[in-house]
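Comments concern the structure below.
The sequence lines fix the lettering, A, B, ..., with proteins before strands; numbering per chain opens at 1.
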There are 2 protein chains.
Amino acid sequence: MIKLAESDAQRARAQNDETGSQRFERIYAELRDRICLLVYPPGTVLSEVTLAREFGVSRTPIRRVLHRLEFMGLVQIMNGVGTIVTDIDLKTFKETYDLRMRLAELMGELSPAYITEDHLAQIDQLIARAKKLQKHRDRFEDYAMITNDLQKILSSLTGSAPLREIIELFYFRVARIWFTFLPQLGWDDIISAQLTELSEIRAAMASNDMRGVGRSRSLHLHRMLTRISRFLVEP
Amino acid sequence: MIKLAESDAQRARAQNDETGSQRFERIYAELRDRICLLVYPPGTVLSEVTLAREFGVSRTPIRRVLHRLEFMGLVQIMNGVGTIVTDIDLKTFKETYDLRMRLAELMGELSPAYITEDHLAQIDQLIARAKKLQKHRDRFEDYAMITNDLQKILSSLTGSAPLREIIELFYFRVARIWFTFLPQLGWDDIISAQLTELSEIRAAMASNDMRGVGRSRSLHLHRMLTRISRFLVEP
DNA sequence: AAAGTACAACCTGTACACAGCTGAACTTTT
DNA sequence: AAAAGTTCAGCTGTGTACAGGTTGTACTTT
């Protein structure tokens with residue numbers, strides 16, 4: 001059943017190229033990260049032809065990526081105008097955070113995963129990175145990447161695939177909005193809050209208490225929302 | 001600011017055509033409903049060119065619709081093969097139902113909507129339709145449409161936009177799988193279960209108790225999962 | 001007769017040209 | 001000078017041809 005031509009194509013692909021699906025995922029992840037890490041802040045206008053030139057492809061695969069980003073709620077495609085990185089209104093922001101708190105608690109209740117030594121080691125690494133950051137003020141991108149990595153670890157601990165899916169969806173949707181407010185908060189304050197969350201989660205994980213992990217996460221989201229609520233005023 | 005040419009185009013559009021966005025939504029809703037109502041049962045292979053011919057457009061807009069359906073989890077696009085209506089494995093099915101129960105309860109807790117006379121009237125209509133169905137056995141599509149309409153009403157009662165969004169997502173993702181089992185269940189049984197849910201929800205709505213609505217819905221999902229669990233055996 | 005191979009018919013993925021839309025700068029009119 | 005009208009550059013939407021992938025089938029070889 002294996003054809004020679006196919007075998008050759010697969011070998012060549014393994015050496016140099018990448019399959020179409022891989023290319024799509026690569027470009028998608030790249031643009032998503034740029035939006036989430038505020039390389040493209042809300043309001044940025046993205047052009048299909050510009051992106052196509054940068055990635056060395058035609059508009060067609062770029063359009064596919066942008067449409068997926070639109071489904072994810074990260075951009076809005078407007079005919080004749082361009083593809084605009086979305087902002088989020090105050091009401092939706094708060095609703096999303098309320099929901100994220102509930103979902104974090106469910107993380108510990110619906111088919112929680114078993115916690116291994118490896119998970120603990122990963123958390124310890126994050127704690128070490130966060131402690132280093134205490135001495136270097138205003139490294140917002142590093143702070144954001146620790147938050148991103150924590151999210152990935154918690155994702156791997158969520159046994160329920162559907163739950164994991166929507167937790168990630170809403171994380172990506174509001175994280176970048178939250179990062180917008182970072183410079184307005186005190187550096188020492190947010191770093192110590194991050195260390196508090198990490199150590200609480202680590203303690204719960206050490207006793208294989210996924211419900212405790214979920215509660216810690218939910219509580220952290222609540223504290224963070226409180227922290228920036230004074231900046232969230234209706235116009 | 002209004003140009004003559006634009007004005008003409010808008011008038012012409014109002015009479016005959018439709019804007020691009022409307023066309024997309026129309027085709028998307030049509031294909032989604034066909035999948036959910038089992039016109040395209042799981043495993044069906046959809047061809048872009050065939051669909052393009054049917055809707056009188058080129059492959060491009062059809063591809064956009066299919067990619068959105070893939071994002072919703074209703075189809076899987078495979079290069080060289082076709083676009084296949086997805087089935088769902090047992091584990092994911094149960095996980096999705098567990099999550100849906102929790103989300104139904106959240107519906108009553110996160111910014112619940114105020115219930116009007118109009119909502120009650122809509123539920124009464126559904127009850128009337130369900131009672132008529134008691135006499136006509138095995139009208140599975142009518143049964144499914146009542147379920148669909150109830151979902152729409154509950155959706156309009158969910159104040160939190162993000163919550164509403166994912167409740168709908170998971171409804172569309174598993175409803176059609178559930179409908180697959182309908183013929184294996186007793187008609188009288190499922191109709192009476194539907195009437196039970198409708199009357200419980202109506203009672204809660206009559207006293208403006210959205211938490212009660214959520215609990216009724218959650219309980220109904222639990223009962224239904226129990227009902228078909230004897231058919232859900234590992235291969 | 002059975003296994004392996006080449007191929008044809010189908011599919012989706014990509015590139016590109018063109019049509020339609022939008023907003024802003026510019027020109028004309030009052 | 002203000003307001004209305006016009007033009008235009010740039011954008012996304014669409015159609016279409018072609019490239020690449022997959023699978024079943026007919027054919028060849030052992």
For this session: To the nearest 0.5 Å, tell me how far A:L106 CG sits from B:L103 CG.
Result: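 The CG atom of A:L106 sits 7.0 Å away from the CG atom of B:L103.
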
For this session: Kindly write out the residues that satisfy salt bridge (Lys or Arg N to Asp or Glu O under 4.0 Å) with B:E105, not counting sequence neighbours, or none if the list is empty.
Result: none

Problem set entry | Any residue meeting salt bridge (Lys or Arg N to Asp or Glu O under 4.0 Å) with B:R164, in chain and number order, not counting sequence neighbours |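 Per chain and number, B:R164 pairs via salt bridge (Lys or Arg N to Asp or Glu O under 4.0 Å) with no residue.
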
For this session: Report, as yes or no, whether the 6.0 Å neighbourhood of atom CE on A:M145 holds more than 12 heavy atoms from other residues, nucleotides or ligands.
Result: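 No, CE of A:M145 has 12 or fewer neighbouring heavy atoms, counting only those of other groups under 6.0 Å.
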
Exercise. Does CD in A:E109 sit with more than 12 non-hydrogen atoms of other residues, nucleotides or ligands closer than 6.0 Å?
Worked result: yes

How close or far is atom [atom2] of [N] from atom [atom1] of [X], stated in whole angstroms?
X	N	atom1	atom2	result
B:I62	D:dG15	CD1	P	10 Å
B:R63	C:dC11	CZ	P	13 Å
B:L51	C:dT12	CG	C1'	13 Å
A:R68	C:dG13	CZ	C1'	16 Å
B:R64	D:dG15	CZ	C1'	15 Å
B:I77	C:dT14	CD1	C1'	15 Å
A:E70	D:dT12	CD	P	12 Å

Problem set entry | Set of ring-ring contact (aromatic ring centres under 6.0 Å, His included) partners for A:F93, sequence neighbours left out | A:Y97

Problem set entry | Under-4.0 Å side-chain N/O to phosphate OP1/OP2 contact, B:R23 with D:dG13 |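 B:R23 to D:dG13 OP1/OP2: no side-chain N or O under 4.0 Å.
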
For this session: Under 4.0 Å from any atom of DNA chain D, heavy atoms only: list the residues of residues 52-59 of chain B that qualify, in numerical order.
Result: B:V57, B:S58, B:R59

Exercise. With the threshold set at 4.0 Å, does a side-chain nitrogen-carboxylate oxygen contact exist between B:E30 and B:R34?
Worked result: yes

Please produce a list of atom pairs where a protein N or O lies less than 3.5 Å from an N or O of nucleotides 9-11 of chain D.
{"residue": "D:dG10", "atom": "N2", "partner": "A:G80", "partner atom": "O", "Å": "3.2"}

Exercise. Do you see a donor-acceptor pair shorter than 3.5 Å between the side chains of A:T83 and A:E48?
Worked result: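 No, no side-chain donor-acceptor contact under 3.5 Å.
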
What donor-acceptor contacts under 3.5 angstrom involve side-chain atoms of residues 65-82 of chain B, with partners at least two apart or in another chain?
{"residue": "B:H67", "atom": "ND1", "partner": "B:R63", "partner atom": "O", "Å": "2.9"}
{"residue": "B:H67", "atom": "NE2", "partner": "A:R64", "partner atom": "NE", "Å": "3.1"}
{"residue": "B:E70", "atom": "OE2", "partner": "B:I77", "partner atom": "N", "Å": "3.3"}

Exercise. Between the side-chain atoms of B:T60 and the base atoms of D:dG15, is any donor-acceptor pair under 3.5 Å?
Worked result: yes

